[in-house]
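Each remark here refers to the structure printed beneath this line.
Both ligands and their constituent atoms are indexed starting at 1 by order of listing.
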Amino acid sequence: MPEEKLTFCRICEPLCGMIATVENGKLLGLRPDKQDPHSKGFHCTKGVAMEQIVNDPDRLTVPMRRVGGPGEFEPTTWEQALTDIAGRLGRLRAERGPSSLAIHEGNPPYFSYSAVFWAKGFQKALGTPWFYGINSEDGASRVAAYKILYGHCAHMAIPDIRRTEALLMLGANPWVSKGSFLHDPRIREHLTGITERGGRVFVVDPRRTQTAKTFEHVAINAGTDAWFLLSVLHVLIGEGLYDQAFVDRWTSGFDQWRTHVAAFSPEATQPRTGVAPETVREVARAIGRARAAVVYGRTGTCTTRFGTFTNVLQDFVNIITGNLQRPGGWVWAWSPVEIGPMSETMKLATYGSVRTRVDGLPDSFGFLPSSALATEILTPGEGQIRGMVMIGSNCVVTGPSGERLIKALGTLDTFVAIDLYMNETNKYADYLLPATTMYEREDIPLQFANRYVRPSIRVTEAVADAPGQCRQEWEILDDIAARMGLGGAYSYGIQRQLAKIGIRLRPRQLADLILRTGKGGDWFGLRRRGWSWRKLAERAPRGVVFHEYLPLAPLRKMIKTEGKKIPMTDPRILDELERLRSENAGPSVEEFPLRMIGLREMNSHNSWMHNSRRLMPDRRHQAFLINPVDAARAGLADGDDARITSRASSIQLVAAVSDEMIPGTIAVPHGWGHNGGWRRANAAGGATSNFLADEVEALSASTVLNGIPVRVTAVVARHDRLEREAPATAPA
Ligand SMILES: Nc1nc2c(c(=O)[nH]1)N[C@H]1C(S)=C(S)[C@@H](COP(=O)(O)OP(=O)(O)OC[C@H]3O[C@@H](n4cnc5c(=O)[nH]c(N)nc54)[C@H](O)[C@@H]3O)O[C@H]1N2
Ligand SMILES: Nc1nc2c(c(=O)[nH]1)N[C@H]1C(S)=C(S)[C@@H](COP(=O)(O)OP(=O)(O)OC[C@H]3O[C@@H](n4cnc5c(=O)[nH]c(N)nc54)[C@H](O)[C@@H]3O)O[C@H]1N2
Ligand code: SF4
Ligand SMILES: [Mo]
């Protein structure tokens with residue numbers, strides 16, 4: 001008899017409530033849970049299609065050992081694999097030191113609390129400074145901006161969209177992404193709620209996205225948001241639309257900005273941004289006059305040439321209008337667990353505390369930038385990476401300069417990957433270790449607890465049995481550390497101490513401890529209304545919503561800079577202003593007249609869900625968007641093959657002509673161009689757009705993924721195409 005089990009989706013940030021149908025430990029299907037108090041039935045196709053990933057015959061289900069060229073593996077036993085891996089990593093560590101080893105963690109394992117804890121613990125056990133991740137392709141510049149402005153990055157602020165009257169959203173497309181650095185399955189109704197209350201929502205994007213179509217679209221040239229925001233500040237300051245008392249109380253250096261923004265009138269920035277001066281004034285006045293307003297940016301602006309500076313300027317607007325930590329503004333949210341100390345302990349709350357050996361690039365959020373990886377592997381010397389453990393990452397496809405990284409990966413002494421699939425990156429590994437999917441493990445999303453618009457928490461058990469010999473990340477990492485004679489992969493000191501007296505804390509016990517001693521916790525019985533893991537499982541199997549609206553802590557608690565002032569003239573900020581001022585129209589306009597941005601698709605999840613038939617039907621293919629004017633100039637018609645070339649590389653792809661794009665900018669879906677162990681994904685064709693990316697942003701080491709200078713050329717010249725298309729019997 002099939003059973004129904006309550007659980008939740010962990011593909012992306014809304015963490016939607018799901019009902020899993022399971023028979024004899026096998027997952028038969030997934031559907032949204034309408035009674036879930038947090039998501040109330042919201043879900044997307046990926047969430048339902050996850051069943052096909054769980055039951056995918058192409059999934060890794062036994063440990064695999066490389067026996068030939070890239071991708072040539074044969075099954076082995078856990079015992080053989082783990083013994084050999086521990087021996088090889090141990091030898092490297094003894095002979096070349098801990099810094100010859102590195103870890104790389106991708107996005108999906110970040111959605112498993114136990115993988116997050118144990119991966120950091122594994123780093124501690126190895127004793128290496130090198131923990132890499134894909135944050136450089138995501139939010140690294142946001143993290144850098146927090147650290148510079150507020151002196152810490154343990155907490156992230158979120159836009160209080162349920163109470164705001166004006167939202168200026170840059171580089172985000174929640175209609176597709178479902179919201180990011182913001183957990184809210186009801187994001188659509190909360191955003192439309194703003195306009196229904198009579199407020200305004202501006203969407204700044206080079207593309208008229210689904211989100212932009214719903215609200216007021218401000219079409220902007222790719223990579224120019226910093227200029228746009230400087231002119232918004234110009235209007236706000238020039239027209240006195242700012243909060244002098246707030247500025248005096250909380251900032252230093254504001255007066256200098258009066259002078260700095262003087263040169264950035266809307267008329268002066270228009271040639272760069274393409275935004276009409278009236279529009280800039282309209283936006284600035286709406287923000288400046290609203291009772292509560294907020295500026296929010298996401299990956300579209302984070303991964304640009306001025307990513308950190310753009311994030312700083314976004315916050316400047318929030319700050320000078322007095323919208324920091326006030327209802328409807330830019331707020332540090334209420335969290336049931338103490339995120340700050342937790343991220344400090346796990347060294348997740350970092351910016352620039354470790355730097356890469358060769359290029360001195362900073363870490364952020366506990367991750368070094370993947371752009372540095374190839375150089376660090378290829379450059380000899382002390383601290384050269386010779387052994388790597390990769391946890392759920394596909395950075396050859398999702399990071400920059402994948403072609404160079406492939407060469408580097410091939411030179412590693414030992415490369416081990418824990419994944420669901422053999423992908424384009426780990427096919428170069430010596431061992432592939434099969435991981436469980438989210439539905440085959442318990443979970444509690446502690447790592448995200450401070451980013452909810454309606455603070456919530458829940459737990460789930462594993463709802464299905466893992467196929468074959470799949471294991472959880474934490475078990476694998478703990479085992480390798482133990483076999484290396486390093487005890488275990490402990491992220492907290494208390495784990496090591498308890499281990500000495502024979503008690504090994506399991507992830508659930510550690511999580512329970514963190515939950516019970518937080519604001520929402522039961523303090524082991526001292527707080528009757530508080531929660532423990534067990535109580536959540538028994539009494540609130542669908543989870544709890546703690547607050548309908550965010551309670552806000554006093555601002556002084558969130559500012560940890562010297563003198564408790566926000567340093568608006570921090571030298572790093574002023575250096576970026578200088579760099580922006582001296583920037584000409586961009587690199588080689590003649591050689592590369594267009595700018596390329598990314599395109600996140602509804603039925604893709606970065607690179608890893610392309611093997612599902614539901615998401616990847618036979619007819620689906622990758623195409624890039626180009627404005628009709630640019631298409632005509634390149635001699636391209638809809639459906640033609642085109643070559644896109646940047647200074648780094650060149651790819652071939654089908655063009656889709658669309659006036660959704662602003663002229664001068666093309667949008668290319670990322671995460672394609674497969675040649676791993678996922679047969680349907682491979683057969684879908686396409687190309688890896690990130691091969692065209694090779695530039696790193698100054699302050700945060702973010703990869704520049706948006707605003708890449710490119711040129712587009714037709715693969716088949718126009719007259720050839722006309723001949724090709726002319727029917728054979730056409731009259732002369
Ligand atoms: N369906 C689906 N959902 C996802 C994901 C997925 O792959 N597929 N990925 C998940 C992950 S890991 C994340 S981090 C989130 C990301 O969440 P979001 O950041 O909301 O998602 P994107 O669609 O990347 O939105 C970026 C927007 O920025 C625009 N943009 C590009 N360049 C510029 C620029 O220079 N200036 C401005 N103003 N805009 C620009 C793009 O056109 C795009 O609309 O999404 C998550 N959700
Ligand atoms: N051009 C461009 N590039 C981008 C982006 C963009 O907007 N534009 N977005 C960037 C962003 S925001 C992100 S987050 C990155 C993502 O970058 P990555 O994390 O490198 O890529 P993913 O495709 O998310 O998947 C990584 C691997 O995780 C595996 N996996 C899935 N579930 C699990 C699990 O439970 N455990 C384990 N161990 N493995 C699992 C998948 O099989 C896959 O092989 O891509 C970035 N790349
Ligand atoms: S929006 Fe879709 S993928 Fe994201 S958590 Fe919800 S169901 Fe899962
Ligand atoms: Mo991401």
Query raised in the report: Side chain, backbone, both or neither: which part of Thr398 has a heavy atom under 4.0 Å from ligand 2?
Result: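 The part of Thr398 near ligand 2 is both the backbone and the side chain.
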Nearest-contact summary for [atom] - protein heavy atom, Å:
atom	answer
atom 4 (C) of ligand 2	His670 CD2, 3.3 Å
atom 36 (N) of ligand 2	Glu473 OE2, 2.6 Å
atom 39 (N) of ligand 2	Gly392 CA, 3.3 Å
atom 11 (C) of ligand 2	Glu137 O, 3.7 Å
atom 14 (S) of ligand 2	Asn107 ND2, 3.3 Å

Requested in this report: Considering the heavy atoms of Cys16, write down every atom of ligand 3 situated less than 4.0 Å from one of them.
Outcome: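 Reading through ligand 3 atom by atom, the close ones are 1 (S), 5 (S), 6 (Fe), 7 (S).
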Requested in this report: May I ask you to list the atoms of ligand 3 that are less than 4.0 angstrom from any heavy atom of Lys178?
Outcome: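 Under 4.0 Å from Lys178, ligand 3 has these atoms: 1 (S).
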Please determine if [X] has a nitrogen or oxygen closer than 3.5 Å to a nitrogen or oxygen of ligand 2.
X	value
Ser607	yes
Thr299	no
Asp138	no

Query - Proximal candidate to atom 16 (C) of ligand 2 [heavy atom criterion; set Ile11, Thr436, Asn606, Asn426] - result: Asn606
Report task. If the plane angle is over 60° it's perpendicular, under 30° parallel, otherwise tilted; pick one for Tyr421 and Trp678. Result -> tilted
Requested in this report: Tell me, please, if His43 has any N/O/S atom, main chain or side chain, under 2.8 Å from atom 8 (Fe) of ligand 3?
Outcome: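 Given the 2.8 Å cut-off, His43 does not count as a ligand of atom 8 (Fe) of ligand 3.
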Query raised in the report: Should Arg542 and Asp36 count as an ion pair when the cut-off is N to O under 4.0 Å?
Result: no
**Report entry** Heteroatom test (N, O or S) for Cys44 near atom 2 (Fe) of ligand 3, limit 2.8 Å
**Finding:** yes
